[in-house]
Structures are given as C-alpha cells and as structure tokens.
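Notes for the one structure printed next.
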Protein chains: 2
Amino acid sequence: MSGRPELSPLTPRAAQIASAARELLEEEGRDALTMRALADRLGIRAPSLYKHFPDKAAVEAALIEQGLAEMGAVLHAALEGTAPSEAADGTGAIGAVLRAYRAAALARPRLYRLTTSGPLARERLAPGLEEWSGTPFFLAAGEPYLAQALWSFAHGMVILELDGRYPDGSDLDRTWAEGARAFAARRT
Amino acid sequence: MSGRPELSPLTPRAAQIASAARELLEEEGRDALTMRALADRLGIRAPSLYKHFPDKAAVEAALIEQGLAEMGAVLHAALEGTAPSEAADGTGAIGAVLRAYRAAALARPRLYRLTTSGPLARERLAPGLEEWSGTPFFLAAGEPYLAQALWSFAHGMVILELDGRYPDGSDLDRTWAEGARAFAARRT
DNA sequence: AACAGTAGGCTAACAGCGTTAGCTTCGCAA
DNA sequence: TTGCGAAGCTAACGCTGTTAGCCTACTGTT
C-alpha cells in the first residue's frame, strides 16, 4: 500500500471553503467556480475568501490535491484487489489499473479535468503526492517507460472521452481493451 | 492522400484577423489571445472585430481548423513517406505516424493545445475535417479500435509533455518508443 | 477589569474580460 | 445624386480576480 503523503494542512474554515468549492465544481463545472459564486454558497462575500486562501489558484490547488489523493487511493486499491486473482481477461494488473483509472475519472469528470489539465503548480501541492498517485502504473507495468506510456494512454483515453472527441457510437470499452492487451503483452 | 476537406471560407479581412490571432497565440499563449490584444495588433478597436466574427469562439474555431488541417497534412505525408521503406525500428507505419504527430505538436504547442483541449464545437468546423485529420491513425493501425487507442496514447503523451506533467529528466523518447512497440506488435 | 491583538467578516473600488448599442465615414452602384 | 453596405469608432454593461481599508467580536494578558 505504501502510505499516502499528507495533504497540505488547511484551517477548519479553509477546509469548509474547499469543500464548498468542490461541490460547486462538480455540480456546475469549472467555469462556475468563481470566487463570488463560491462565497455565495458559504453566505459570505468574495473578498472574505482571501482571509483563508491567498488567491483562487490556492483553492484550486486544494481540490487538485483531493483529486490526486482519491485517484491514487483507487489505483492502489485496484492493485491490491486483483493481485491474487490475476485478472479475468489476461491483462492482469495492467487491466485492473486501467479499469480503475477510467471508472474513477468518469465518476468525477470535472475534478479529473481540473486535476490533470493544464500546467501544474507543483510548489502548491503536498510533496510526493503526485508521485504516489502515479506509482500504481509503475507497479502494474513493472518498468518506468512502459508505465509512463500506460499512463499517457489512460489519460488520453479519459480526456478525449470527457471532451467528446470520439465519434458518436464509438465502442470505447473495446478501445480500452485493445490498449490493455497491447500494453499487457509487453509486460515482462 | 485523399483530398483534405475545404476549410470554412473567410472573407479577406477575416483571414487577416485569423492570421494575427494565430501569431498572438503562438507568441504569447492562450491567455494573451484577447479581443482587445488582437485588435491592437491590427490597429483597430476590439468591437470592430465583431464586424468579421460573431464572437471570440469563432476566431478560435478558425485557428482550430488550421491546427487540424496542418496536423492532418503532416500525418498523411508521414504515411506516404514511410510506406516503401517500412521503418527503421520495426514499428512501421505506426512508428512513423507517432513520430510525425509528436513533432508537429511540439512545433506549435499552443496551437496544439487550443486544437485538442476542451469540448469541441463541431458545428463551427468544416465538416469532415476532424475525421480527415485522424484517418492516418486508422491507416497505420489497420483497425478502428487499435487506431483510437493509438491516437489516445499519442495525445496523452503530447499533452502531458506540454503541461510538464512528466518527472524531470524523463526519457520521453524511450517512452514513445515503448508505446510504439506495444501498438505495432498488435498490428495484424 | 481593562486592554491589545487577531480572526474573519464587510463595502468600495480597480483593471481587464467578452460583448452590445448606436453612431460615423467611406466607396461603390443605380 | 442618392442610397447602401462595409468597416471603423466611442460608451457602456455585467462579469472576473483582486486590493485597500474598515469594523466587530473573541481571546489572552496584565
């Protein structure tokens, strides 16, 4: 399992704000996450938020930490769960990680996009968190280059699906399975 | 080769504006592409732009069409070029398409991100253009599911590289090669 | 008990954003 | 000559993130 790094500490009030921000993001999308709308949801005025976070990017960073932590937890759990059985479809740990990744991303699509899109302000994130959330890919692939390629495939699949880039009627289950077989065949 | 669909027609003035928009995007980034900055570059005021485009999204759509058209041209050319020799590294057409894709994206990173990130307003694009730009993946993979998986891998690799998501010192050449081998091995 | 400091609200305001309304000015065609 | 459309303009609106400065209430100290 290997312990998850601690998230950046938040004051109780800041945690409430982050929680409201997450609700707002997941219910209404990234564009709706404005400082005024967030303040409204808390019954205060926008400038008061700046007593708790230095700027909007810091609020987003708190959500990104949640996104990384939850994705990491899901992936680590998926690896634990399927280690004994060693897979239903012959793709083993690689298939398990891919299925878990897709399910977790589609369950929280807007948080996923916030977490993974655009340049990442690493200095705002808890150290080690990003790496920890990615290690299941390494564990599943057994080798860092295949692991990075596998992660890239998974992210590409998810983000293109979320953005509606695939033609209508695409059988994405089958595309995922095809990718899983391609990568699993290279596992040593 | 198969002829490229025509891009949406623009009046001469609109084409000038789109050209200036592209310069602005590539030189200063997406955030710098504002209607006022674009107008400045043309020596006019922002509201005058609305005589030529209905809104900012229409300007962006013109750039997205350029991005799709240029990417498609590069990929089609790459397939033509390597069909006879059949590859230096054993990955054949798949390796050729991947190398061309990466090179084209990294040569115009901000246009690539604009073209491929976020929901796509298909009704604003020339019909068939998006499909045409993607067909080289199908031609290289020989099969639609592998083709979609291959495209997803390529996009994931590029966008994660552009966003600086890989750890410092990652040997991305090797990661690309690993992915190319995985997909090439499944080509029938 | 009086005082100081701090946490956490508030209003007013600024610059920048996309966008609209309404006006003017120029060149061409009937 | 008249009319009209193309293409510019200014002023303004509502939205955004953010800052400055003020006020109130609680908390701990002397």
Side-chain angles (χ1 to χ4, degrees), chain A residues 8-65 110 113-115 117-121 123-125, chain B residues 8-65 110 113-115 117-121 123-125:
Chain A
S8 303
L10 295 179
T11 64
R13 187 57 168 149
Q16 282 177 15
I17 293 173
S19 169
R22 178 155 174 183
E23 286 174 28
L24 190 55
L25 173 70
E26 290 188 344
E27 289 169 18
E28 305 183 43
R30 190 168 191 168
D31 289 349
L33 180 54
T34 71
M35 295 303 266
R36 282 174 178 86
L38 177 55
D40 269 1
R41 188 169 275 248
L42 291 154
I44 63 177
R45 307 287 163 156
S48 303
L49 296 171
Y50 291 81
K51 300 289 183 177
H52 306 281
F53 288 92
D55 52 26
K56 187 187 179 186
V59 178
E60 291 176 338
L63 299 187
I64 290 172
E65 285 198 347
R110 316 213 223 223
R113 217 201 247 93
L114 179 69
T115 301
S117 296
L120 187 61
E123 69 283 0
R124 293 184 188 260
L125 299 183
Chain B
S8 303
L10 295 178
T11 64
R13 187 57 169 150
Q16 283 178 14
I17 293 172
S19 169
R22 176 156 177 182
E23 287 175 25
L24 190 55
L25 173 70
E26 290 189 341
E27 289 170 16
E28 306 184 41
R30 190 168 190 169
D31 289 349
L33 181 55
T34 71
M35 296 302 266
R36 284 173 175 87
L38 176 55
D40 268 3
R41 190 169 275 248
L42 292 152
I44 63 177
R45 306 288 165 161
S48 303
L49 296 171
Y50 291 81
K51 300 289 182 180
H52 307 281
F53 289 93
D55 52 25
K56 188 187 178 184
V59 179
E60 290 176 339
L63 299 188
I64 290 172
E65 285 199 345
R110 315 214 223 225
R113 215 201 250 92
L114 178 69
T115 302
S117 295
L120 187 61
E123 69 283 0
R124 293 183 186 260
L125 299 184

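Reminder, nothing fancy here: chain letters follow the sequence lines and each chain counts from 1.
- Between the CG atom of A:D40 and the P atom of D:dC15 there is a distance of 12 Å, rounded to whole Å.
- Across the protein-nucleic acid pair, B:I17 atom CD1 and D:dA6 atom C1' stand 12 Å apart, rounded to whole Å.
- Exactly one residue among B:L63, B:T115, B:L25 makes a side chain to side chain contact (heavy atoms under 4.5 Å, CB included) with B:R110. That residue is B:L25.
- Distance CG (B:L49) to P (C:dG18): 10 Å, rounded to an integer number of Å.
- For A:P54, the side chain to side chain contact (heavy atoms under 4.5 Å, CB included) partners are A:A58, not counting sequence neighbours.
- DNA chain C is contacted by no residue of residues 18-31 of chain A, taking any non-hydrogen atom closer than 4.0 Å.
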Restricting to nitrogen or oxygen on both sides, can you table the protein-nucleotides 21-24 of chain C pairs closer than 3.5 Å?
none

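- The shortest distance between the side-chain N/O atoms of B:H52 and the OP1/OP2 oxygens of D:dA6 is not below 4.0 Å.
- Shown here are the side chain to side chain donor-acceptor pair (under 3.5 Å) partners of B:R124, two or more places apart in sequence or in another chain: B:D55.
- The residue A:T34 sits close only to the backbone: its heavy atoms come under 4.0 Å of sugar-phosphate atoms, none of a base.
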Side-chain polar contacts of residues 13-20 of chain B - donor-acceptor pairs under 3.5 angstrom, sequence neighbours left out - could you list them?
{"unit_1": "B:R13", "atom_1": "NH1", "unit_2": "B:Q16", "atom_2": "OE1", "d": "2.6"}

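- The CG atom of A:L42 sits 15 Å away from the C1' atom of C:dC10 (whole-angstrom rounding).
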Under 3.5 Å, which donor-acceptor pairs do the side chains of residues 35-50 of chain B form with other protein atoms, sequence neighbours left out?
{"unit_1": "B:R41", "atom_1": "NH1", "unit_2": "B:E23", "atom_2": "OE1", "d": "3.0"}
{"unit_1": "B:R41", "atom_1": "NH1", "unit_2": "B:E27", "atom_2": "OE1", "d": "3.4"}
{"unit_1": "B:R41", "atom_1": "NH2", "unit_2": "B:E27", "atom_2": "OE1", "d": "2.9"}

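- Remark: B:S8 engages B:E65 in a side chain to side chain donor-acceptor pair (under 3.5 Å) (not counting sequence neighbours).
- Between the CZ atom of B:R45 and the C1' atom of D:dC9 there is a distance of 8 Å, rounded to whole Å.
- Residue A:R36 contributes atom CZ, which lies 11 Å from atom C1' of C:dC14 at whole-angstrom precision.
- In this structure, B:Y50 and A:T11 both approach DNA chain C, and ranking their closest nucleotides by distance from the 5' end singles out A:T11.
- In this structure, the CE atom of A:M35 is 12 Å from the C1' atom of D:dT19, given to the nearest Å.
- For C:dG8, the OP1/OP2 oxygens have no side-chain nitrogen or oxygen of A:S48 closer than 4.0 Å.
- With values rounded to the nearest 0.5 angstrom, A:L33 atom CG is found 8.5 Å from A:R30 atom CZ.
- A search for side chain to side chain donor-acceptor pair (under 3.5 Å) contacts involving A:T34 returns nothing, not counting sequence neighbours.
- Take B:R22 and apply the side chain to side chain donor-acceptor pair (under 3.5 Å) test, not counting sequence neighbours, and it matches B:E26, B:Q66, B:E70.
- For the pair A:F53 CZ and C:dA7 P, the interatomic distance rounds to 16 Å; values are reported in whole Å.
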